[in-house]
> 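Starting off with a structure, shown below.
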Amino acid sequence: MLDIKFIRENLQVVKAGLDRRNGGDHELDALLEQEDKRRQGLQESEQLKNKKKKLSAEVGKQKQQGQDASQLMEEVKNLNTSIKELDDTVEGLEKIIHEKLLGIPNLPDDNIPDGRDESSNKFIREWGTKPSLSNQPLNHVELGEKLGLIDLKRAAKISGARFAVYRGAGAALLRALINFMIDVQTQENGYEELYPPFLVNEESLLGTGQLPKFKEDLFAMEDDPLYLIPTAEVPVTNFHREEILEEESLPICYTAYTPCFRREAGSYGKDTQGLIRQHQFDKVELVKFSKASESEKELEKLVQDAETILKKLNLHYRVMELCVGDLGFSASKTYDLEVWLPSQNTYREISSCSNFRDYQARRAKIRCKKRTGGKPEFVNTLNGSGLAAGRLFVAILENYQNDDGTVTVPEAIRPYLQGREVLSL
RNA sequence: GGAGAGGUGGCCGAGCGGUUGAAGGCGCACGCUUGGAAAGCGUGUGUAGGUUUACCCCUACCGAGGGUUCGAAUCCCUCCCUCUCCGCCA
């Protein structure tokens, strides 16, 4: 959420920032008019309240002295009518303003590239090399089903399209990848592990920005006001919702494994085959709470922490900086990690690392107390996948396939699979 | 799910419907004291909004939301959360 005060004082900056994003007249002028009205009403109401307070105290005094206070009491009663009226107006305006603010996306970072879609994303760096495979590399579905690692047909029977059953060595491999990633992030990169609930309330989703605008992307419970998490970002960022943190404790770094649930509304026909786009997938998430002055640096580190995993698995990837048009609603700046997929002859997103600045923190009221005193300030929040386990599974199958249809187990995860070196029938 | 108890400032803990943003204690910060430390003494120590160059000032907040009243942390209603016991259960 943007700060209404900031909008008021930097209208042109805000307009310019929002203009860079696709589609966006947010009727800021009307919003500010309402804000002016709100403040005006508030001031009037507060003046009357002040008067009321004094009169009421006077009533008390007079009564104690046994005097008749009925005239004053009548006066206060009349004040109450005006106060109620003003407060109703102010409250109504507040609500409207707040709702409008919730619908306005974050301002993009000044330095990220312009552009409408991913074709304008900027190449930052790449690592590793494409594996040398036979002319016709199999895709992960062919490999996975042949080797008995996944069963998509039965998953469709059990749940529907875009679900998967991992079985046997496939299930073990998925579990190994998750454990491997968590271990690296906690043991080498300094993250604390959290294991959060997979169902969260509305407040949490408002805090990170999934609600109110993206409700159709979420799975909701029928009898309870709860939603399945679309990413661990939600419970983990909200871990500190409505808290005031100590400046010395920052940056706070968490990693969490959770399954993620997404309705994928609007992505019909996209990636229908295989594990790339599922309603349920597993992900190890990285979340940081940082001082505003440090968040740019922390984003760079976060990206590197995610990259560690790909490097250890020796998977070829590239880092892309998202252009304005490809940027998420709450993000100010985002790097994507894209891993090489031989069967598609292309790079696919396997991690998305973003700096949200104080946008989520303001929504979720996550502040930090300055050591030097003064008002608490909103922290900056960041997060990124470290990594998406399902897509990592895909990448390993495809990049580590052998001519005979088997798959070599990357060395780094052999300890997690009882030393197994090859996945074969 | 049933029965009961409770939710007050960073923590503990008072609080008659009237001038209480809230006694007292602890903690913390600063100062004095000291050779140094402890103890002791003094001062300060919530959040949000409005106003202001700033200081000040004003308003709101004692789990949340309503209500009664001239006036509510204190009375009433609803909801949420925590704890104890019982039931059920991975």
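So that the names make sense, note that chain A is the first sequence line, chain B the second, and so on, each numbered from 1. These figures come from a predicted structure and were not determined experimentally.
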> With rounding to whole Å, what would you report as the distance between B:rG63 and B:rU47 at their C1' atoms?
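Looking at atom C1' only, B:rG63 and B:rU47 are 15 Å apart.
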> If I take atom CD in residue A:Gln47 and atom C1' in nucleotide B:rU59, what distance separates them, rounded to the nearest angstrom?
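Rounded to whole Å, this separation is 11 Å.
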> Give A:Leu72 one of three labels, base, sugar-phosphate or nothing, depending on what nucleic acid heavy atoms sit under 4.0 Å from its own.
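A:Leu72: no heavy atom of the nucleic acid under 4.0 Å.
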> Taking only the side-chain heavy atoms of A:Arg39 (C-beta and beyond), determine which of B:rU47, B:rG49, B:rG50 contains the nearest atom.
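The closest nucleotide is B:rG50.
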> Using the side-chain heavy atoms of A:Lys53, tell me which of these nucleotides is nearest: B:rA48, B:rA60, B:rG49.
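When the side chain of A:Lys53 is considered, B:rA60 is the closest of B:rA48, B:rA60, B:rG49.
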> Specify the separation, in whole Å, of atom CG of A:Leu93 and atom P of B:rG50.
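That distance rounds to 14 Å.
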> Within this structure, what is the CD-to-P distance between A:Glu35 and B:rG50, rounded to whole angstrom?
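My rounded result for the distance is 7 Å.
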> Separation of A:Lys365 atom NZ from B:rC61 atom C1', in whole Å?
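Result: 13 Å.
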> Is it true that the side chains of A:Lys288 and A:Asn383 contain a donor and an acceptor less than 3.5 Å apart?
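A:Lys288 vs A:Asn383: no donor-acceptor pair found between side chains.
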> So, OP1 or OP2 of B:rU51: does either fall under 4.0 Å of a side-chain N or O from A:Gln43?
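Indeed, a polar side-chain atom of A:Gln43 lies that close.
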> For A:Ile97 and B:rG50, give me the distance from atom CD1 to atom P, rounded to whole Å.
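Atom-to-atom, A:Ile97 to B:rG50, this comes out as 11 Å.
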> Identify which nucleotide among B:rU47, B:rG50, B:rA60 has an atom closest to any side-chain atom of A:Lys49, counting heavy atoms from C-beta outward.
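So the nucleotide nearest the side chain must be B:rA60.
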> Identify the nucleotide, in any strand shown, that forms a Watson-Crick or G-U wobble pair with B:rG10, with both distances under 3.5 Å; if there is none, say none.
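Result: B:rC26.
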> Across all strands shown, which nucleotide pairs with B:rG31 by Watson-Crick or G-U wobble geometry, both distances under 3.5 Å?
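Across all strands, the one nucleotide that pairs with B:rG31 is B:rC41.
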> With rounding to whole Å, what would you report as the distance between B:rG46 and B:rC11 at their C1' atoms?
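Their C1' atoms lie roughly 13 Å apart.
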> For A:Lys54, answer base if it contacts any base atom (sugar-phosphate contacts may also be present), sugar-phosphate if it contacts only those atoms, and nothing otherwise; contact means non-hydrogen atoms under 4.0 Å.
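Counting heavy atoms under 4.0 Å across all strands, no contact is made by A:Lys54.
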> Give me the distance, rounded to whole Å, that separates B:rC81 from B:rG25 when you measure between the C1' atoms they each carry.
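Per the computed distance, 27 Å lies between those C1' atoms.
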> May I have the distance from A:Glu242 (atom CD) to B:rA48 (atom P), rounded to whole angstrom?
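So the two atoms are 13 Å apart, to the nearest Å.
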> Would you mind pulling out the nucleotide paired to B:rA54, Watson-Crick or G-U wobble, both distances under 3.5 Å?
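Partner of B:rA54: none.
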> If the C1' atom of B:rC62 is compared with that of B:rU20, how far apart are they to the nearest Å?
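So the two C1' atoms sit 11 Å from each other.
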> Between CD of A:Glu247 and CD of A:Glu377, what distance do you get to the nearest 0.5 Å?
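One gets 8.0 Å once the value is rounded to the nearest 0.5 Å.
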> What is the distance, rounded to the nearest whole Å, between atom CG of A:Asn80 and atom C1' of B:rG71?
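Rounding to the nearest Å, CG of A:Asn80 and C1' of B:rG71 are 9 Å apart.
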> Suppose we define a pair by two distances each less than 3.5 Å, Watson-Crick or G-U wobble; what does B:rA5 pair with here?
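Check on B:rA5: paired to B:rU82, both distances under 3.5 Å.
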> Is there a donor-acceptor contact under 3.5 Å linking the side chains of A:Asn380 and A:Ser295?
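The answer is yes; a qualifying pair exists.
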> For A:Lys77 and A:Ser56, take the nucleotide of RNA chain B holding the closest heavy atom to each; which residue's nucleotide lies nearer the 5' end?
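Checking each residue's closest nucleotide, the 5'-ward one belongs to A:Ser56.
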> Just verifying a value: how many Å separate A:Thr89 OG1 and A:Arg38 CZ, rounded to the nearest 0.5 Å?
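A:Thr89 OG1 to A:Arg38 CZ: 13.0 Å, rounded to 0.5 Å.
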> Distance between the C1' atoms of B:rU34 and B:rA73, in whole angstroms?
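Between the two C1' atoms, the distance is 44 Å.
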> When you measure from the side chain of A:Lys369, which nucleotide among B:rG46, B:rU59, B:rU19 comes out closest?
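Nearest to the side chain of A:Lys369 among the choices is B:rG46.
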> What nucleotide, of B:rC70, B:rA48, B:rG49, holds the atom closest to the side chain of A:Pro376?
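Nearest to the side chain of A:Pro376 among the choices is B:rA48.
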> Run the ring-centre check on A:Tyr166 versus A:Phe393 and record whether the distance is less than 6.0 Å.
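So the answer is yes for these two rings.
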> Just to be sure I understand the rule, does A:Lys5 reach a base, reach only the sugar-phosphate, or reach nothing, if contact means heavy atoms closer than 4.0 Å?
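A:Lys5: backbone/sugar contact only, no base atoms under 4.0 Å.
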> Would you say the side chains of A:Arg241 and A:Ser204 form a donor-acceptor pair under 3.5 Å?
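A pair is found: one side chain offers a donor N or O, the other an acceptor, under 3.5 Å apart.
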> Just how far is it from atom CZ of A:Phe219 to atom SG of A:Cys260, taken to the nearest 0.5 Å?
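Here the rounded value is 12.0 Å.
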> Expressed in whole Å, how much space separates the C1' atoms belonging to B:rG13 and B:rA23?
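It works out to 10 Å between them.
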> Can you identify which nucleotide, out of B:rU19, B:rU59, B:rG71, has its nearest atom closest to the A:Lys61 side chain?
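So the side chain of A:Lys61 is nearest to B:rU19.
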> Can a side chain N or O of A:Lys375 be found less than 4.0 Å away from OP1 or OP2 on B:rG49?
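Answer is yes, contact under 4.0 Å.
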> Would you measure the distance from the P atom in B:rG24 across to the matching atom in B:rG44 and give it in whole Å?
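That atom pair is separated by 12 Å.
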> Using the C1' atoms only, state how far B:rU69 lies from B:rC77, rounded to an integer number of Å.
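Here B:rC77 and B:rU69 have their C1' atoms 16 Å from each other.
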> Quick check: on RNA chain B, is the nucleotide nearest A:Asn50 upstream (toward 5') of the one nearest A:Arg38, or the reverse? Name the residue that is more 5'.
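Whichever sits nearer the 5' end wins; that is A:Arg38.
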> Using Watson-Crick or G-U wobble geometry with both distances under 3.5 Å, which nucleotide pairs with B:rC16?
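Matched B:rC16 with nothing under the 3.5 Å cut-off.
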> Rounded to the nearest angstrom, tell me the gap between atom CD in A:Gln62 and atom P in B:rG71.
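Rounded to the whole Å, the gap is 16 Å.
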> Applying a 3.5 Å limit to both distances, which nucleotide forms a Watson-Crick or G-U wobble pair with B:rA90?
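Paired with no nucleotide.
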> How many angstroms lie between atom CD of A:Gln360 and atom CG of A:Asp358, to the nearest 0.5 angstrom?
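One finds 10.5 Å between CD of A:Gln360 and CG of A:Asp358.
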> May I ask which nucleotide in the shown strands pairs with B:rA60, Watson-Crick or G-U wobble, both distances under 3.5 Å?
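B:rU47 is the nucleotide pairing with B:rA60.
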> Sort out the partner of B:rU74 for me: Watson-Crick or G-U wobble, both distances under 3.5 Å, none otherwise.
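Its partner is none (no Watson-Crick or G-U wobble pair with both distances under 3.5 Å).
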